Amino acid sequence: MSFTNNPVEQGSIPQFESIDIKPLPEAAMWVDVVSWSIVFVIAAVITVIGRLLNVPLFVNFLMYWIVAVFVLIGLIMLWTAYSYRFKGYALREHDLIFKRGVIWQKTTILPFNRVQHVETKQGILQRRFDLTTLQLFTAGGQRADLAISGMDVEITEGIKTMLLGRIQSEQTTDD
Amino acid sequence: MTEDKHDFMHEWQRVSLMAIVYFFISRGLGIIKEVAMNAAPAFAAILIAVDDKAFWFTVAGFGFIGLIIVDVISLYLTYRYRVEDDQIIVRQGVFTKEVLNLKYARIQNINNAVPWYFKPFNLVRCTLDSAGSSAKEVNIPGITNERSDAIANIIHSYQKSNDLTEDTSQEEPAEIQETALKLSNAEVTKYGLTNSMIFVFAGIFFPAIEKFIESTGIDISNYLKQFAVLLPIPETIAKIILVLLAMFLFGLLLLCVTALAAFVRFYDYELYDEGKKLKRIAGLLERQTIFLNKNKVQGISIKQNVFAKILGRVTVHFQQTSADGKSSNKKQPFIIPMLKPDEWQQHLKMLYPELADVNLVFKPIGVQYFRKIAIYACLLPFSAIILPLAYLASAYFLLLYLLMLPIIGFSYLRYRRYGYSVLDNFLIIREGLIGTNFHILERYKTQHMSEATSPSQRRLKLGSLRIQMAYTAISLPYIKQSELRSVINQNIYLTETTTKSWM
C-alpha cells in the first residue's frame, strides 16, 4: 500500500487543546493525602521516641523541629490536594492526553500506535480505593513516557486490553 | 557468484582457523579496555607498591596473554553457527554455553568488515545488526565472502517475502549503486580534530597517568625547572611559559592521537546510495562495510561543536533506534564525518529528496527566552551576592557585575541559534551555542509530544515544545502557543494516520 503524506487543512486536524480534560477520581487526591498523612504520623512517632530517648535534636530544638517538619508536611498535603484539580486526562480514539501541573503546566499527547508496552501498578492504598497507576512506554525512553497515577481500575484495564490487542496484532503482522 | 545457499543451511558450521586472530585481537582489546576503564588506578597503585617492578610487570603481562590465548582457543573450538529458514543460531562457550537465536525479522543491517589479516584468505567478518540491545548482535568472523553474501541473500529474501504488505512505491532496483559521496583522507582526519571527548578522557585518566609517570621515577617538573634556569628570561616567567608549552604539547599529542584514530577509522570513506539502503565503506586496518536501511532512520542530526566551527565543518549523524527503544547509534554509528556547512542539505537528497532544494527559513523563538535567562539565571543571583557585599563592604564589589557579561553573551548566542522550520513532512530544529546544530525530524515518526508552559509563558501566549523521537528527545523553548499547538496537532495527526512503519 503506498504511503502518502500530503498536507491537510488545519481545520480538519483534531485539536488537542479543545478536548475536555477529565479530572482524576476524587479518591486519587485522598490516596495522595493519606500517603502524606502516613509520613506525618511517622514524623510524629520519631519525634516522640526522640524526646523519650533524650536525643539532643529533640530536646534542644523540639519546637523548631515540630514546626519545621509539620509545617512542611502540611504544606505538601495542601499542595497535593490543590494540584489534584489541575490533573486530568482525555482519551481519544487514537491517543491519550495527560495534563498536569499547577505553576508549570504540561500536556502530553501519546499516540497509541507508538506504545511499545503497557504496565499497571497498584499500591496498598490504591487497592483500597479501586485505583491504579497506568504506565505507557514508547521507544523513546528507558522509563515510562506517561504515568498516570490514580486512574479508575476499570478504565485502566480497558485501555490496557485495547493497547495490548493493538501491540499483539502489530507483532503478528511483523512476524 | 554466490554458493548454493542450501548447502550449509540447517547444519552447524565452523568458522575459519583465521578467526582465532580476530578473537585474539577483539578479546584482547576488550580486556585491555575493561582494565583501562575500571582498574587503571589500582594497577598503577600496585605497580608503585611492589619493589621488583620489571619482574611483576613481565609476570602480569605473560599471565594476561596466557589467559587471552586459553580464552580465544576455547572460543574458537566451541564457536558454531547455524542458518535456519527464519533465524540464525550461534553457540559458543566451554563452561557457560551461550546460545544466541536471532530472528531474521529482527535484523536491521547486515555488515561486512574485512580486517587486513582476512584479506589474503578472501575472508570477512559478517555482522548481523539486530533490532535489540548490542548483546544481541551476531558476529561471524572468518567466513568466506561468498558465504557471507549467501547468508545476506537468505535474510533479505526472508525479509522481502514478509514485507509484501509494506509500501512498494519506493521500490528501486537493488543493483543501483551510485557513489553518493567520497571524502578525502585529509577531510576525515579533521573529524578527529573535532573530537573534544579526548580531553574529557584525558582528565579522567590523568591521575592514573600521573601515578604511572611517578612510578617510572621520571620527574618532569624537575626537568622543567632545570630548563627554565637556562632560558635568558626571569625564572618565574620561564616556568609559566614552559608549563603552558607542556600543556599545549600534551593537548597537541592528544589531538594527533584522535586525528590518527579518525584517519584509521574513516580511511577512503565512500558512501553509496543503493535505493532503499545506504552503504558506507571505510577503514584502514579493517575495511568496514555498513548498510543502513533508509526507512529505519529516525532523524538526522547535523552537529557542529566549537572545534568543528573553527574548522568550518559539520558532521551528519543518521540516527537509528532499536526495537527496545535503546539508541543503536552507539554500536554502529552511521555518520558522514566532515562536510562543509553549505553542503549537508544537498547530501540529504539520498535520504529525503524533497529537502534537497527547499529554501529553509527558520522562525526564531521568543526573545523572552533570553530575557528569562539574563534575569533569573544571571542578574538576580549575581545581585543577591554583589549588592549586599557592595553595601556592607565596598562599592568595588559592583565590578563583579562584569562577570555576568560572558554568561549573558552565551545566553544571547544560544537564543539566536534556536529556530525552527515547519515543512509538510519534516520539522527542522536549529540550536547550538558556538556551533550550530540541526535536527531533521520526520514528523510521522514522533513517539509523543508535550507542551509545557510557565505562568509568564501563559500570560505571553508562549510555550515550550518537547518532541520525543525514538532516539532522543528534542526541546524548543518559547515559541508562540498557536504555532506550538499547530505543530503538535499536525505531528500527532501524521503519526496516527500513517500506514508506514516508523521503525
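Chain letters run A, B, ... following the sequence lines, proteins first and then strands; every chain starts at 1. Since we're looking at a predicted model, the values are computed, not measured.
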For the student: nearest non-hydrogen atoms of A/Q122 and A/L131, plus distance = NE2-O, 2.9 Å
Under 4.5 Å from any heavy atom of chain A - which part of B/K445 = backbone
May I ask you to name which of A/K99, A/Q105, A/K106 has the most heavy-atom pairs under 4.5 Å with chain B?
-> A/Q105
Which bit of B/S464 is near chain A, if near means a heavy-atom gap under 4.5 Å: side chain, backbone, both or neither?
-> neither
Are any of the side-chain nitrogens in B/K294 or B/D273 under 4.0 Å away from the carboxylate oxygens of its partner?
-> yes
Measure A/R92 against the heavy atoms of chain B and call it side chain, backbone, both or neither at under 4.5 Å.
-> side chain
Which atom names give the shortest non-hydrogen contact between A/S149 and A/L24, and what distance separates them?
-> O-CD1, 3.5 Å
Taking A/R114 for the side chain and B/T446 for the main chain, is one N or O donor matched with an acceptor at less than 3.5 Å?
-> yes
Heavy-atom closest contact (B/H439 atom, B/S301 atom, distance) | ND1-OG, 3.7 Å
Measuring heavy-atom distances to chain A, does B/R443 have an atom under 4.5 Å in its side chain, in its backbone, in both, or in neither?
-> neither
